[in-house]
Trainee: 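Can you read through this structure? Questions will come right after.
In this text the structure is predicted, and so the values were computed from the model without any measurement. These numbers come from the heavy atoms of this one structure, side chains and all, not from hydrogens, waters or symmetry mates.
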Amino acid sequence: MHDQVRTADGRRLRFDVSGDPHGSPVFLLHGMPGSRVGPRPRPMFLHQRGARLISFDRPGYGGSDRRPGRRVADVVADVAVVADALRLDRFAVAGRSGGAPHALACAALLPERVTRAAALVGLAPRDAEGLDWFAGMAPSNVSEFRAACTDPERYAARLIPRSLAIRSNPARLLEELRADLTDEDRMIVSDLTIRSMLLRAYLEALRTSPYGWLDDVLALTGPWGFDPAQIRVPVLLWHGARDVFSPASHSSWLAARIPRATAVLEPAAAHFAALRALPDVLDWLLEGTPRT
């Protein structure tokens, strides 16, 4: 099986498939920055559950060509291209952190193909009515997102050298985040297996360019290109109440607007606890997704 496809506009998309080759297909959309080799359940777990997990680098990350000016909704066409290459008619979609809004886009705009969708520790749209978007967010994230909204060129000039430094030493990103991590999150990212997966994901994400990260931030803080209220497939929203990177109020806002949403709020959990929740979320997704 080839691990890359070409889109209609000629871009290359790099993807990865793991687990049961005949299992129920689930797309896992990575975080920010992230890549197709990001954290996921062990292969043995996937085989036991009969899951076929598909992940790909969003444009500008890893082995995927950049798509300047992309919106969150634009991920839908890329997911469809990969699904077509794998001959998948129906599939579930999960997204963690920066990947969560992209999973919701698939649920909204591919209802004939998406069986269920899960969004873990995600954000609401920047223009979410009635939501104080920055409330409860770590000052570092507030600074980053505000800069992207008010002066994208200046933000890019700041992010590019930062991403180059992280590419040289991926552990630097975890060190940058450390001050805002809860004790539990520090324990999670200190786990050797999880830490190895995160560092590998960051390294691959930034291997070819900083633009996947830049374009993700601009997409998340700009118009998404769809309304979460139009989602009609079952959606699971998972969040930790102590998350300061993507505050839980964002999931609450989404839960109030997505008709078939189930919201799970873990009182003691924060952002990286979503990595430990992923196996249970995957079980939920598989309940409504047929095998290939």
Trainee: Is there a donor-acceptor contact under 3.5 Å linking the side chains of Arg40 and Ser55?
Mentor: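 Distance-only check passes for Arg40 and Ser55.
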Trainee: Indicate yes or no: does Asp65 engage Arg6 in a salt bridge with an N to O separation below 4.0 Å.
Mentor: yes
Trainee: Please enumerate all residues that pass side chain to side chain contact (heavy atoms under 4.5 Å, CB included) together with Ala270, with sequence neighbours excluded.
Mentor: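 With neighbours one apart ignored, the set is Thr182, Asp185, Arg242.
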Trainee: In Å, rounded to the nearest 0.5 Å, how long is the span from CG of Leu109 to CG of Leu104?
Mentor: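 Nearest 0.5 Å value for the CG-CG distance: 10.5 Å.
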Trainee: Which salt bridge (Lys or Arg N to Asp or Glu O under 4.0 Å) pairs, counting each pair once, include a residue from residues 267-292, with sequence neighbours left out?
Mentor: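 Output for this query lists Asp20-Arg291, Arg49-Asp283, Arg116-Glu287.
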Trainee: Leu13 and Phe15: side chain to side chain contact (heavy atoms under 4.5 Å, CB included), yes or no, with the steps?
Mentor: CA-CA 6 Å; Leu13 291 176; Phe15 67 90; 5.8 Å; no
Trainee: Could you tell me whether the side chain of Asp57 and the main chain of Arg36 form a donor-acceptor pair under 3.5 Å?
Mentor: yes
Trainee: According to ring pair (Phe, Tyr, Trp, His ring centres under 6.0 Å), does anything in residues 66-88 pair up with another residue at least two apart or in another chain? List the pairs.
Mentor: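 Sorted result for residues 66-88: empty, none.
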Trainee: Could you tell me whether the side chain of Ile166 reaches within less than 4.5 Å of the side chain of Trp213, counting heavy atoms only?
Mentor: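 Yes, side chains in contact.
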Trainee: Going by atom type alone, with no hydrogens or angles, which donor-acceptor pairs under 3.5 Å involve a side-chain atom of residues 187-198 and a protein atom two or more places apart or on another chain?
Mentor:
{"unit_1": "Ser190", "atom_1": "OG", "unit_2": "Arg186", "atom_2": "O", "d": "2.7"}
{"unit_1": "Asp191", "atom_1": "OD1", "unit_2": "Thr193", "atom_2": "N", "d": "3.0"}
{"unit_1": "Asp191", "atom_1": "OD1", "unit_2": "Ile194", "atom_2": "N", "d": "3.0"}

Trainee: Whether Asp215 and Arg58 form a salt bridge (side-chain N of Lys/Arg under 4.0 Å from carboxylate O of Asp/Glu) is what I want to check.
Mentor: no
Trainee: Between Val281 and Leu254, is there a shared hydrophobic cluster once you connect ILVMFWY residues whose side-chain heavy atoms come closer than 4.5 Å?
Mentor: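 In one cluster: no.
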Trainee: Would you please name every residue forming a side chain to side chain contact (heavy atoms under 4.5 Å, CB included) with Asp180, sequence neighbours left out?
Mentor: Ala138, Ser140, Val244, Phe245
Trainee: Mark yes or no for whether Thr262, through its side chain, and Leu236, through its backbone, hold a donor-acceptor pair below 3.5 Å.
Mentor: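 Side chain of Thr262 to backbone of Leu236, a donor-acceptor pair under 3.5 Å: no, none is there.
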Trainee: Of all residues at least two apart in sequence or in a different chain, which pass the side chain to side chain contact (heavy atoms under 4.5 Å, CB included) check with Asp127?
Mentor: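 Pro125.
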Trainee: With side-chain contact (heavy atoms from CB on, under 4.5 Å) as the test, pick out the partner of Phe91 among Val26, Leu110, Leu86.
Mentor: Leu110
Trainee: Identify whether the distance between the nearest side-chain nitrogen and carboxylate oxygen of Glu204 and Arg200 falls below 4.0 Å.
Mentor: no
Trainee: Does Tyr155 have more than 12 heavy atoms from other residues, nucleotides or ligands lying within 6.0 Å of its OH?
Mentor: yes
Trainee: Count the heavy atoms of every other residue, nucleotide or ligand shown that sit under 6.0 Å from CD of Glu153, and state whether that count exceeds 12.
Mentor: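 No, CD of Glu153 has 12 or fewer neighbouring heavy atoms, counting only those of other groups under 6.0 Å.
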Trainee: With a 3.5 Å distance limit and no angle check, can you tell me whether Arg71 reaches the backbone of Pro223 through a side-chain donor-acceptor pair?
Mentor: no
